[in-house]
Amino acid sequence: MEDSILNQSQHYRSGEDDRKKYLKILTVYLPFYFALIFVISLLRYLNFYTADADLGINMQGLWTTTHGMLMFDSSDFEIYGMVSHLEVHTSFIAVLFAYPYLLFPGPSFLFLLQDSAISLSVIILYMLCGKVTGDYRISFMVAVSYSVNATLLGAVFYDFHWLSFIPLESFVLFYALFSRWKLVSIITIAVGSLTQEIFPFIALSFLLYYFIDTRRKEFPSREWFFSHDGDFFMIAAIFSLSMYIVLSLVQEHFIPVLLNNTSISAEIGANSSARFIPSALSPLASLKSLSYWMLSFLLLLFLPLLKTKNILLMLPWMYETIVVDPAMGTLGNQYSFVTLSVLIPAVVVSLSLMRGMDALKIKRYLRILLLISGGVIVALVADGFGMNPIDKVNLVLILAAEASYALFVFGIRKIRMVRSLIRKFNAKKAIVTLFVATLSMSLILSPFNTVNDNRYNLPGYEISYSVNPQSAYIPLIQSFITPGSTIVASDNLFPIVANHDKAYEFYNTYMTESNARYFPFNGSVLPRFILYDSYQSVYMPSWVIPSLNHYGLVLLINGTGYPGNIYLYELGYSAPTIYE
């Protein structure tokens with residue numbers, strides 16, 4: 001039987017000096033990292049790349065909580081008839097931030113919150129990796145690699161999501177479990193469960209891994225169940241399941257009754273049970289989700305698969321994203337937060353195992369890695385870039401990296417220098433090589449690579465490093481909309497007016513007149529304000545244009561590029577139009 005990762009790590013303590021040294025470097029790096037991702041997130045808002053889903057949803061949910069409603073957002077109401085976002089997701093943690101949001105209402109508050117959670121997760125990962133591997137240089141490399149991972153950045157730059165807390169909570173839980181901090185583990189499970197309904201299942205997978213890795217006797221046995229570890233495992237597992245069940249009951253029954261929305265409770269229950277039922281989508285959708293997982297593995301150089309037991313950490317989320325809802329397995333959306341929350345602990349465990357390998361085993365692993373990763377790239381090419389993660393320039397760069405990697409790993413026997421390098425190859429050099437390789441591939445595929453800007457139909461890649469001049473008029477637009485007024489806005493302009501409880505969005509690519517069953521306006525029932533832009537005018541409902549004769553044009557902001565002209569109409573307005 002393998003030693004537990006804790007027992008393995010005892011052989012590789014790099015000392016308190018290394019821990020402090022790399023922690024200092026990390027504390028210098030993180031403020032720059034935090035500032036960079038915050039500025040880019042804010043630039044997305046100032047360039048009108050953010051949308052109702054999901055920045056507007058969360059802004060409006062926090063605002064309405066402080067104005068007599070519980071996490072109401074019009075998007076979920078329009079489609080599902082749900083009067084609280086808590087009927088869709090069990091993100092009860094959001095309520096804690098409602099009144100702080102009232103002090104600083106706007107997208108900056110949410111971006112600061114999300115970027116703080118991600119930056120803090122980098123520090124926790126550094127501590128976790130140091131504990132497991134016993135080598136803080138390796139821990140530093142893992143933390144930095146994680147911070148610029150392409151899948152992470154694609155999620156960070158897609159508006160704001162409470163799922164951004166999941167990596168932090170997952171790393172804390174993994175650290176607490178292997179530190180035997182039982183109370184901290186239980187508290188983290190509770191907080192994570194209040195963040196999103198997926199967390200209890202992440203916790204269960206971590207708990208199972210924890211016990212199997214630290215067990216003293218073969219499972220199952222009487223001693224197994226009645227040991228201290230067994231007692232804790234059973235208590236924590238029951239607690240995780242209980243959190244899920246209780247929160248689901250609150251979501252499906254208590255909240256609809258509390259908010260007088262019982263007519264929709266059956267649909268909420270169906271939505272909850274659908275989380276476990278295999279999807280009726282085409283096999284092609286599952287294939288693309290599998291390609292997403294292969295790409296995620298490739299960016300981590302398949303380290304999560306180095307230890308067989310690591311599959312326990314990933315299995316629940318792989319089932320969810322490949323079998324149940326393949327749309328979640330896509331680069332550039334918020335669900336990559338969850339993917340990395342289960343993959344990164346697996347990387348940490350694998351590195352602890354690699355530290356105990358001899359050079360021959362490492363070389364074998366790298367050769368296998370080369371073949372698999374090359375195969376993944378070929379598969380992506382054969383798929384016709386169906387999942388849109390790579391364009392031709394990126395493909396050439398990665399293939400060049402693969403060719404260099406092949407030269408190094410396999411070696412050309414006739415070149416004395418290469419033979420010498422291979423002969424001297426050891427675990428330390430292997431890990432540095434892996435760090436450079438994963439860093440390079442992530443940067444090539446990430447939104448930081450300007451070649452990728454707006455090339456994919458992925459929200460996390462819609463980035464501009466300049467400010468749209470029309471954003472200077474956002475305060476002017478907001479000044480015309482009086483509190484309590486009804487307003488309908490384009491999807492990409494909705495965050496501008498999200499701090500209104502009666503703000504709604506026009507139909508977009510995800511919403512049509514047929515599925516927006518609860519949209520409260522039509523040709524007979526008109527909103528007071530209509531805000532839209534040239535780019536998204538095609539999504540306006542059919543009644544809008546004929547009804548504009550009842551409106552006056554309050555404001556016209558001219559624009560030559562995206563999003564084109566911005567129009568603000570008011571019902572019965574007759575004063576002169578303001579042209580900017």
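All of these numbers come straight from a predicted model, not from anything done at the bench.
- In this structure, CG in Leu247 is found 10.5 Å from OG in Ser91, a value given to the nearest 0.5 Å.
- Note that OG of Ser121 is 7.5 Å distant from CG of Leu125, once rounded to the nearest 0.5 Å.
- Counted by atom type alone, His89 and Glu197 present one or more donor-acceptor pairs between their side chains at under 3.5 Å.
- Side-chain atoms of Asn558 come within 3.5 Å of backbone atoms of Glu580 as a donor-acceptor pair (strictly under, hydrogens ignored).
- Once rounded to the nearest 0.5 Å, the distance linking CD of Glu87 with CG of Asp73 reads 10.0 Å.
- No hydrogens or angles considered: a donor-acceptor pair under 3.5 Å links the side chains of Ser336 and Tyr292.
- For the residue pair Asp76 / His85, a side-chain donor-acceptor distance below 3.5 Å is found, with atom types taken as modelled.
- Under a 3.5 Å cut-off, the side chain of Arg44 and the backbone N or O of Val39 do not form any donor-acceptor pair.
- Between the Gln536 side chain and the Asp533 main chain, no donor and acceptor come within less than 3.5 Å of each other.
- Remark: aromatic rings of Tyr29 and Phe34 are distant, center separation not under 6.0 Å.
- Side-chain contact check for Phe157 versus Phe448: some heavy-atom pair is nearer than 4.5 Å.
- Pairing each heavy atom of Val348 with each of Leu128, the nearest pair is CG1-O, 4.3 Å.
- Proximity of Pro167 to Leu340: side-chain heavy atoms (C-beta onward) are nowhere separated by under 4.5 Å.
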* **Derivation and outcome, side-chain hydrogen bond (donor to acceptor under 3.5 Å, both in side chains), residues Thr151 and Asn149** => CA-CA 6 Å; Thr151 53; Asn149 184 279; 2.3 Å; yes
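- The shortest side-chain heavy-atom distance between Thr90 and Ser193 does not fall under the 4.5 Å cut-off.
- A side chain to side chain contact (heavy atoms under 4.5 Å, CB included) with Val148 is found for one member of Leu36, Leu443, Ile37 and no other, namely Leu443.
- Counting all heavy atoms, side chain and backbone alike, Ser170 lies closest to Ile202 at OG-CG2, 3.9 Å.
- Side-chain atoms of Ser74 come within 3.5 Å of backbone atoms of Ala503 as a donor-acceptor pair (strictly under, hydrogens ignored).
- Ring planes of Phe519 and Phe521: perpendicular class, angle over 60° (limits at 30 and 60°).
- Counting heavy atoms from C-beta on, the side chains of Trp317 and Glu320 come closer than 4.5 Å.
- The salt bridge (charged side-chain N to carboxylate O under 4.0 Å, His left out) search around Glu570 returns Arg528, not counting sequence neighbours.
- Nearest heavy atoms, Met59 versus Ala498: CB-CB, 3.8 Å.
- Across every non-hydrogen atom of Asn47 and Leu43, the tightest pair is ND2-O, 2.7 Å.
- For the pair Tyr551 and Pro527, the minimum side-chain heavy-atom distance is below 4.5 Å.
- From Ile255, atom CD1 reaches atom CG of Asn260 across 14.0 Å, with rounding to the nearest 0.5 Å.
- Partner of Asn492 under the side chain to side chain donor-acceptor pair (under 3.5 Å) criterion, out of Tyr562, Tyr535, Tyr49: Tyr562 alone.
- By the 4.5 Å heavy-atom criterion applied to side chains, Gln334 and Ser164 are not counted as neighbours.
- Counting only heavy atoms from C-beta outward, the side chains of Glu505 and Val488 never approach each other to under 4.5 Å.
- Side-chain atoms of Gln114 never come within 3.5 Å of backbone atoms of Trp162 as a donor-acceptor pair (strictly under, hydrogens ignored).
- Checking side-chain atoms of Ser84 against main-chain N and O of Leu86 turns up a donor-acceptor pair under 3.5 Å.
- Each of Phe206, Tyr319, Tyr244 was compared with Phe201 under the ring pair (Phe, Tyr, Trp, His ring centres under 6.0 Å) criterion, and only Tyr244 meets it.
- Of all non-hydrogen atoms in Met69 and Asp501, the two that sit nearest each other are SD-CB, 4.0 Å.
- A distance of 13.0 Å separates CG in Leu110 from CZ in Phe104, rounded to the nearest 0.5 Å.
- Under the 3.5 Å distance criterion, the side-chain polar atoms of Tyr33 are matched with a main-chain donor or acceptor of Ser147.
- In this structure, a donor-acceptor pair under 3.5 Å is present between the side chains of Tyr567 and Asn565.
- The nearest pair of heavy atoms linking Asn261 to Gly81 is ND2-O, 3.3 Å.
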* Going through the checks in order, is the side-chain contact (heavy atoms from CB on, under 4.5 Å) test met by Phe77 and Tyr504? -> CA-CA 9 Å; Phe77 176 77; Tyr504 294 83; 4.1 Å; yes
* Can you check side-chain contact (heavy atoms from CB on, under 4.5 Å) on Ile496 and Tyr45, steps first, answer last? -> CA-CA 9 Å; Ile496 296 174; Tyr45 169 75; 4.3 Å; yes
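- The main-chain N or O of Pro326 is never found under 3.5 Å from a side-chain atom of Thr321 such that the two would form a donor-acceptor pair.
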* Asked: Checking side-chain hydrogen bond (donor to acceptor under 3.5 Å, both in side chains) for the pair Thr482/Ser485: CA distance, chi angles, key distance, verdict?
  -> CA-CA 6 Å; Thr482 54; Ser485 299; 2.6 Å; yes
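- Taking the side chain as every heavy atom from C-beta outward, Leu113 and Phe160 approach each other to under 4.5 Å.
- Between the CG atom of Leu493 and the CD1 atom of Ile477 there is a distance of 7.0 Å, given to the nearest 0.5 Å.
- Here the side chain of Trp63 pairs a donor or acceptor atom with the backbone of Asn499 at under 3.5 angstrom.
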* What do the steps show when you test Phe337 against Val156 for side-chain contact (heavy atoms from CB on, under 4.5 Å), and what is the final call? -> CA-CA 8 Å; Phe337 286 128; Val156 168; 3.9 Å; yes
* Run the side-chain contact (heavy atoms from CB on, under 4.5 Å) check on Tyr101 and Thr66 step by step: do they pass? -> CA-CA 9 Å; Tyr101 176 78; Thr66 60; over 6 Å; no
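- Side-chain atoms of Thr195 come within 3.5 Å of backbone atoms of Val191 as a donor-acceptor pair (strictly under, hydrogens ignored).
- With 3.5 Å as the limit, one finds no donor-acceptor pair spanning the side chains of Tyr158 and Thr50.
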